[in-house]
Amino acid sequence: MALRLHNTLGRELQEFVPLNDTQVGLYCCGPTVYNYAHIGNLRTYVFEDVLRRTLEYFGYTVRHVMNVTDVGHLTDDGDEGEDKMMVGAREQGMTVWQIAEHFTEAFFRDLDELNIVRPTVVCKATDHIDEMQQLIVKLEARGLTYESGGNIYFSIDDFPGYGRLALLDRQKLKPGARIVVDDQKKNPHDFVLWFTKSKFGHQAMLWDSPWGRGYPGWHVECSAMSMKYLGESFDIHCGGVDHINVHHTNEIAQTEGATGHSWVTYWLHGEFLIMDAERMGKSEGNAITLETVKERGIEPLDYRYYLFSAHYRTQLTFSWDALAGARNARVALNGRVADLARAAGESGASMVDDLGDAAGTARNAMIESLSDDMNIPKALGQLWALIKDDSVRAADRLGVALDMDRVLGLRLSEASAGGAAPLPEDLAALISEREQARARKDFGRADELRDELRRRGVLVEDTASGTKWKLV
Ligand code: AMP
Ligand code: ZN
């Protein structure tokens, strides 16, 4: 079955055809390591992980490259403000290098906990200053740069087709409408390739260069590193939707400006996680980290499951209630999988080639959903329907669940091996509080607790052998 993906370049669903048969080159813009990732950022990395897993499910071998931005990303994407690393260093009372190390480690810990497969190559901007300088030299030779006020700029008026990813011609952006007008720039959309005189005097990371001692602009790192690890043309480039207008638009200008030919075939962008009607973000002051989620008794994989409630191209509005609902659903899913494993017995899960008709048909429908621009919410719904269908052999249902989990990444094999998650702690505490209330014959309190549990998705039943519960 052909895989169809939504290409931002063209704004349409397109059949995925890689440049090299079954080998796929995938580049994903990585984190700026000046603070903890928030769960909005992590939504984008889960989307990219699902993309990689889907490609592998469809039989491709994926070379997945991710950069770590540890220099040059200013607080404003239009070259204004301060290097985020400096902000982080000041806030935490550490050097920029310590900041980078600390938050890079924290980032990969989050990825591991979300069961995100580590990229094939992780590359740090500060390890690739030479490659960035070589790229700027090429752009200079092609007449695409100018020097102004001590900085080297990319001149967008000298690059035909600038802004085709962002559809800038259609947006008819007036100078200064979306980005700050900078006297140094010939065109307000020009951007810095190399800073020697920044707008602030205290950058901590500096390198010698043909243009003087300084540091690179943010966009140039992704062009230089992606070409180093994936070649001058490759298949897929990803990021969050906020990268379309400036960062990715500028990456295309630099890379295609330097090579003179087309660079990336498919551009995929994940939509935002929304909080109180605005994007979740550090500067918006509404960021929640995975640590905070865990403190509330919700596991990282519950958050992963929660993300599957929306397609990656639709905004998802965060709520703690919905997250708790996802947690209950995942506990129930693990319970079902454990039941199926017990019912399947010694012979275990069916191999996908040995499925009976019903399970085979259901699996094909799930693959169809995946092939339709990775419609995970639909595939997960179809999986639930199959799991609940008692007319299908347990071994078949289990086989399909484990097979789909290659993409979902919910570690269902652990549940199937008998490790189904117990009831989350806070719910278990409510059940035990209710048992104590019943023991002291406080039936009013016991009923209140029964209602509270019901609201939180747990149905309790009092039997001769004690309280039984089930997730609904
Ligand atoms: P940054 O570390 O700021 O470069 O962001 C890392 C990734 O997270 C980028 O791909 C952003 O597009 C993405 N991102 C930022 N905010 C959100 C959000 N609220 N929801 C989803 N993705 C986001
Ligand atoms: Zn990038």
Side-chain angles (χ1 to χ4, degrees), residues 8 26-49 51 65-77 81 83-85 87-88 99-100 103-104 106-108 110-111 114 116 119 122-125 128 132 135 165 191 216-230 234 236-255 263-264 267-290 303 306-307 310-318:
T8 307
L26 169 67
Y27 185 87
C28 301
C29 291
T32 306
V33 283
Y34 75 117
N35 209 310
Y36 295 107
H38 56 71
I39 58 173
N41 300 135
L42 295 172
R43 180 182 187 201
T44 292
Y45 299 111
V46 169
F47 140 63
E48 291 162 351
D49 181 57
L51 170 63
V65 178
M66 181 191 279
N67 64 305
V68 170
T69 300
D70 53 359
V71 67
H73 191 174
L74 306 193
T75 45
D76 183 294
D77 288 356
D83 189 313
K84 289 187 176 186
M85 298 301 292
V87 177
I99 284 286
F103 289 116
T104 304
F107 174 74
F108 283 104
D110 285 351
L111 294 202
L114 286 164
I116 291 173
V122 174
C123 40
K124 288 200 292 189
H128 295 80
M132 297 185 215
L135 184 68
L165 181 76
F191 54 93
W218 171 41
H219 317 298
V220 75
E221 66 171 278
C222 289
S223 295
M225 291 193 274
S226 66
M227 281 201 282
K228 171 166 181 176
Y229 295 105
L230 293 169
F234 59 89
I236 311 179
H237 194 313
C238 296
V241 284
D242 54 326
H243 285 348
I244 299 172
N245 276 355
V246 179
H247 184 49
H248 289 167
T249 288
N250 292 351
E251 283 186 33
I252 292 174
Q254 293 164 154
T255 317
W263 177 37
V264 169
W267 287 86
L268 269 66
H269 292 99
E271 253 299 349
F272 280 148
L273 183 72
I274 301 291
M275 183 80 171
D276 302 329
E278 62 174 353
R279 156 193 180 174
M280 182 178 287
K282 178 149 165 38
S283 42
E284 285 72 10
N286 59 14
I288 293 172
T289 61
L290 200 59
Y303 179 62
Y306 162 72
L307 292 177
H311 187 264
Y312 78 88
R313 281 195 298 114
T314 57
Q315 294 190 339
L316 176 61
T317 301
F318 180 78

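Only this structure's heavy atoms are used, side chains among them; waters, hydrogens and symmetry mates stay out. Start at 1 and go down the list; that is how both ligands and their atoms are numbered.
Among the atoms of Cys222, an N, O or S atom falls under 2.8 Å from the Zn ion (ligand 2). Among the backbone and side-chain atoms of Cys29, an N/O/S atom is found under 2.8 Å from the Zn ion (ligand 2). The Zn ion (ligand 2) has an N, O or S atom of Glu251 closer than 2.8 Å.
Listed here is the closest heavy atom pair of Arg43 and Leu316: NH1-N, 3.4 Å.
Summary of contacts: the protein heavy atom closest to atom 9 (C) of ligand 1 is His243 NE2, 3.5 Å. When only non-hydrogen protein atoms are considered, atom 15 (C) of ligand 1 lies nearest to Asn41 ND2, 3.2 Å. What sits closest to atom 13 (C) of ligand 1 on the protein, heavy atoms only, is Thr44 OG1, 3.6 Å. Looking only at heavy atoms of the protein, atom 6 (C) of ligand 1 is closest to Tyr45 OH, 3.1 Å.
For ligand 1, the atoms sitting less than 4.0 Å from at least one non-hydrogen atom of Pro31 are 2 (O), numbered in the order shown with element in parentheses.
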Margin query: What verdict does the side chain to side chain contact (heavy atoms under 4.5 Å, CB included) test give for Ser226 and Glu251, after you've listed the backbone C-alpha separation in whole Å, the side-chain angles of each residue and the deciding distance to 0.1 Å?
Written below: CA-CA 10 Å; Ser226 66; Glu251 283 186 33; 5.6 Å; no

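Under 4.0 Å from ligand 1, the heavy atoms of His38 that appear belong solely to its side chain. Residue contacts with ligand 1, taken as heavy atom pairs separated by less than 4.0 Å, involve Asp242 solely via side-chain atoms from C-beta onward.
Considering backbone and side-chain atoms together, Gly281 places no N or O closer than 3.5 Å to any N or O of ligand 1. In terms of polar-atom proximity, Val241 is not counted as a contact of ligand 1, lacking any N or O under 3.5 Å from an N or O of the ligand.
Annotation: Trp263 is not in aromatic contact with His248 [ring centroid separation under 6.0 Å not met].
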